[in-house]
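Take a look at the structure set out below.
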Amino acid sequence: MSRVRRALIAVAAIGLTMSMAQFSAQTSYAAVSCQANGVDGDLNSDGLADVIVGVPSYDGDRGAIDILFSDGTRSFRTAGSLGLSSAPGDRFGESVSSADIDDDGCDDLAVGAPGHNSSRGRVHLLFGRADNSLVTGATFTGTAAHGSLGAQVVLLTTEKLTAAGYVRTGQQLVASAPTADDGSAWEAGRVVVQPLTATGALAAGTVIITQNSPGVPGTSENGDRFGTALAGQGRTIVIGTPAEAVGTRSAAGSVTLLSASAANPTTFAGVAVTQNTSGVPGTAESNDLFGSAVAFRDHYVLVGVPGETIGSAKGAGQAHVLNFDPATRKARSLRAVHQNTAGIPGANERGDYFGSSVALGINTLDQLTAIVGAPGEAIGTVLGAGAVTMFRANRSGGLAWTIRQGAGGIAGAPEAADHFGWSVSVLGGDLDDGEAMTDGVVVGTPHEDIGSTADAGSVTYTRSTDTWYTLLLEDTGSPSVPADAAFGETLAGMNG
């Protein structure tokens, strides 16, 4: 059987026809050179986003990235294969972000390796090309001892109208170092903003943001781990700090919403939100872990609260939808959702951890879908099999549905501790399609056993709800799928 046919396991149609579920595919076209097309996550500019998976647990935590291009080509790359130094524990691929940072029409990657050099960490820039190759760019190295720079990464770009049309400008690499000390506050955490040139090189003016920085709410405290979660778009950064204490409530969690202006692109300021913030549903409680996962798109913020106890269901989990205006730096709560919310399928159960992973996708003009992973979800009596719930984010009502293995056209069967939904992401749609713009969905199941191979992991994705596919880690040079690779642990974020 061919490599591509082994990697892609087509399954039956899911059969959803309502507009909330219409993540329709687009026609691919061959690109002889990079050309802009408005599709986030399209590394070779062929008109379709590519599936990009980080594999940080591979080969004794040396790590790797694995890319499925839309033409079926696989590209499995370790740091060593890219000409970079590599060592056990680097965890190359712990975080991955895509955007077109050199404005050539092909999206590029930032790949975090937070374990490098005794966990000082580093981030590598890789440039996409029309022939499916990756060109190694600059490496941004962490300076804080045990800071774990690259635990999370985001690539930010903005567009400017010129005589030649829209061009990307003001590119920035944003990387978190959540275990960095801030003065005497151990593991308080930091987020580093690194300006990039128009060609994607490192530029002057690096800015370190902590909770003690001017314009940033809060105070750096022991064990906060500011930057545990990270998202962004344009000139906005969303920072999750789930270990943050709120009053006397340890690990209640907070989210910091920061923005900068075109005139001062590295001067970030903003607000912090907790479940004790006025207008936000709920109450900050110990081990809520508000901010464990965050997503940001078009002024909307999705916050995962996987430790939330609902009634007697400890760790049932919850997700909050906020609106943040970068210009005024004001935030307001829109809704909080859990599995006992009217219109949301499922039921709150102990250890579901709904909100462990989150993403935001477009599914027609002005229709924003919240994608929320519950990797602890029990399917029948199968504990920790996992599930993913999708619902309308930017307004109430609309269709909401849950996906899982073994149902709705998704391959596999629910098995204990598979953790389907450990990670979620989107496959970017075509911005030029207007009302027809749709995004696909990607779901990671890192603890899936493949035959007798434990925790090999798998990734499930769709470009439309007609067909779901399951992707396995191959092309590694091994005759079999490697054990303990936890494929699906990390999925690329689209931030262009």
Practice prompt. Test Thr139 against Arg122 for side chain to side chain donor-acceptor pair (under 3.5 Å), laying out the working first.
Written response: CA-CA 7 Å; Thr139 293; Arg122 64 183 181 182; 5.7 Å; no
Worksheet item: Would His124 and Phe92 satisfy ring-ring contact (aromatic ring centres under 6.0 Å, His included), going step by step from the backbone distance to the final call?
Response: CA-CA 9 Å; His124 301 284; Phe92 176 78; 5.7 Å; yes
Practice prompt. Assess whether side-chain contact (heavy atoms from CB on, under 4.5 Å) is satisfied between Leu471 and Phe487, documenting all intermediate values.
Written response: CA-CA 9 Å; Leu471 185 66; Phe487 185 63; 4.1 Å; yes
Item to complete: Quick one: do Val53 and Ile67 satisfy side-chain contact (heavy atoms from CB on, under 4.5 Å)? Show the steps, please.
Response: CA-CA 6 Å; Val53 184; Ile67 302 167; over 6 Å; no
Practice prompt. With side-chain contact (heavy atoms from CB on, under 4.5 Å) as the test, would you mind laying out the steps for Val174 and Leu230 before giving the verdict?
Written response: CA-CA 9 Å; Val174 183; Leu230 193 64; 4.0 Å; yes
Practice prompt. Show your reasoning for whether side-chain contact (heavy atoms from CB on, under 4.5 Å) applies to Leu302 and Phe296.
Written response: CA-CA 6 Å; Leu302 183 60; Phe296 179 73; over 6 Å; no
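No side-chain donor-acceptor contact under 3.5 Å links Arg190 to the backbone of Ile209. Remark: side-chain polar atoms of Thr158 are paired, donor with acceptor, to backbone N or O of Thr169 under 3.5 angstrom. The backbone N or O of Gln194 lies less than 3.5 Å from no partner atom in the side chain of Thr206, so there is not a single donor-acceptor pair. With hydrogens and angles disregarded, a donor-acceptor distance shorter than 3.5 Å links the side chain of Asp107 to the backbone of Gly41. Of the possible polar contacts, one joining the Ser425 side chain to the Ala492 backbone as a donor-acceptor pair under 3.5 Å is found. In this structure, the side chain of Asp108 engages the main chain of Ile101 through a donor-acceptor pair within 3.5 Å. A distance-only check finds a donor-acceptor pair linking the side chain of Asn394 to the backbone of Leu368 [under 3.5 Å]. Judged by distance alone, with hydrogens and angles left aside, the side-chain atoms of Asn117 form no donor-acceptor pair with the main-chain N or O of Arg120 at under 3.5 Å. Here the side chain of Thr490 pairs a donor or acceptor atom with the backbone of Glu94 at under 3.5 angstrom. A donor-acceptor contact shorter than 3.5 Å is absent between the side chain of Asp449 and the backbone of Gly451.
The structure places CG of Leu258 at 11.5 Å from OG1 of Thr267, a figure rounded to the nearest 0.5 Å. Here the CG atom belonging to Leu109 is positioned 11.0 Å from the CZ atom belonging to Arg77, to the nearest 0.5 angstrom. In this structure, the separation between OG1 on Thr73 and CG on Asp131 is 10.5 Å, given to the nearest 0.5 Å. Leu155 CG to Ser98 OG: the interatomic distance, rounded to the nearest 0.5 Å, is 7.5 Å. Taking OG1 of Thr136 as the reference point, atom CG of Leu134 lies at 7.5 Å (rounded to 0.5 Å). Distance check, rounded to the nearest 0.5 Å: CZ of Phe76 to OG1 of Thr78 gives 6.5 Å.
Within the 4.5 Å cutoff, side-chain heavy atoms of Ile371 are placed close to those of Val441. For the pair Val321/Val301, no side-chain contact is recorded, criterion being any heavy-atom separation below 4.5 Å from C-beta on. Contact annotation: the side chain of Asp102 approaches that of Asp100 to within less than 4.5 Å [non-hydrogen atoms, C-beta and beyond]. Between Ser423 and Glu489 there is no side-chain heavy-atom pair separated by less than 4.5 Å. At a threshold of 4.5 Å between non-hydrogen side-chain atoms, the residues Thr266 and Gln172 count as touching. Side-chain contact check for Val442 versus Thr460: every heavy-atom pair is 4.5 Å or farther apart. Looking only at side-chain heavy atoms (C-beta outward), Ile362 and Asp298 come within less than 4.5 Å of each other. In this structure, the side chains of Phe391 and Val337 come closer than 4.5 Å at one or more pairs of heavy atoms.
The shortest non-hydrogen separation linking Ala485 to Val55 is O-CG1, 3.6 Å. Smallest separation of non-hydrogen atoms from Ser458 and Glu448: OG-OE1, 3.7 Å. Of all heavy-atom pairs spanning Thr369 and Ala393, the tightest one is C-CB, 4.3 Å. Closest approach of Leu473 and Pro482 over heavy atoms only: CD2-CG, 3.8 Å. Across Asp90 and Arg62, no two heavy atoms sit closer than the pair CB-O, 3.9 Å. Between Gly93 and Ile65, the closest heavy-atom pair is CA-CG2, 4.2 Å.
A salt bridge is defined here as a Lys NZ or Arg NE, NH1 or NH2 lying under 4.0 Å from an Asp or Glu carboxylate O, and Arg91 with Asp61 meets this definition. A salt bridge links Arg129 and Asp104; the closest N-O separation between the charged side-chain nitrogens and carboxylate oxygens is under 4.0 Å.
Relative ring orientation between Tyr469 and Tyr461 is described as parallel, the plane-to-plane angle staying below 30° on a 0-90° scale split at 30° and 60°.
Neither side chain, Arg297 nor Gln233, offers a donor N or O lying under 3.5 Å from an acceptor on the other. Defined by atom type and a distance below 3.5 Å, a donor-acceptor pair is missing between the side-chain atoms of Thr476 and Ser478. Side-chain N/O atoms of Thr402 and Thr389 include a donor and acceptor closer than 3.5 Å.
Applying the side chain to side chain donor-acceptor pair (under 3.5 Å) test between Asn132 and each of Asp50, Asn44, Asp46 identifies Asn44 as the sole match.
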Taking only distance into account, with no hydrogens and no angle test, what donor-acceptor pairs under 3.5 Å do side-chain atoms of residues 140-152 form with protein atoms, sequence neighbours excluded?
unit_1	atom_1	unit_2	atom_2	d
His146	ND1	Thr179	O	3.0
His146	NE2	Asp181	OD2	3.4
Ser148	OG	Thr179	OG1	2.9

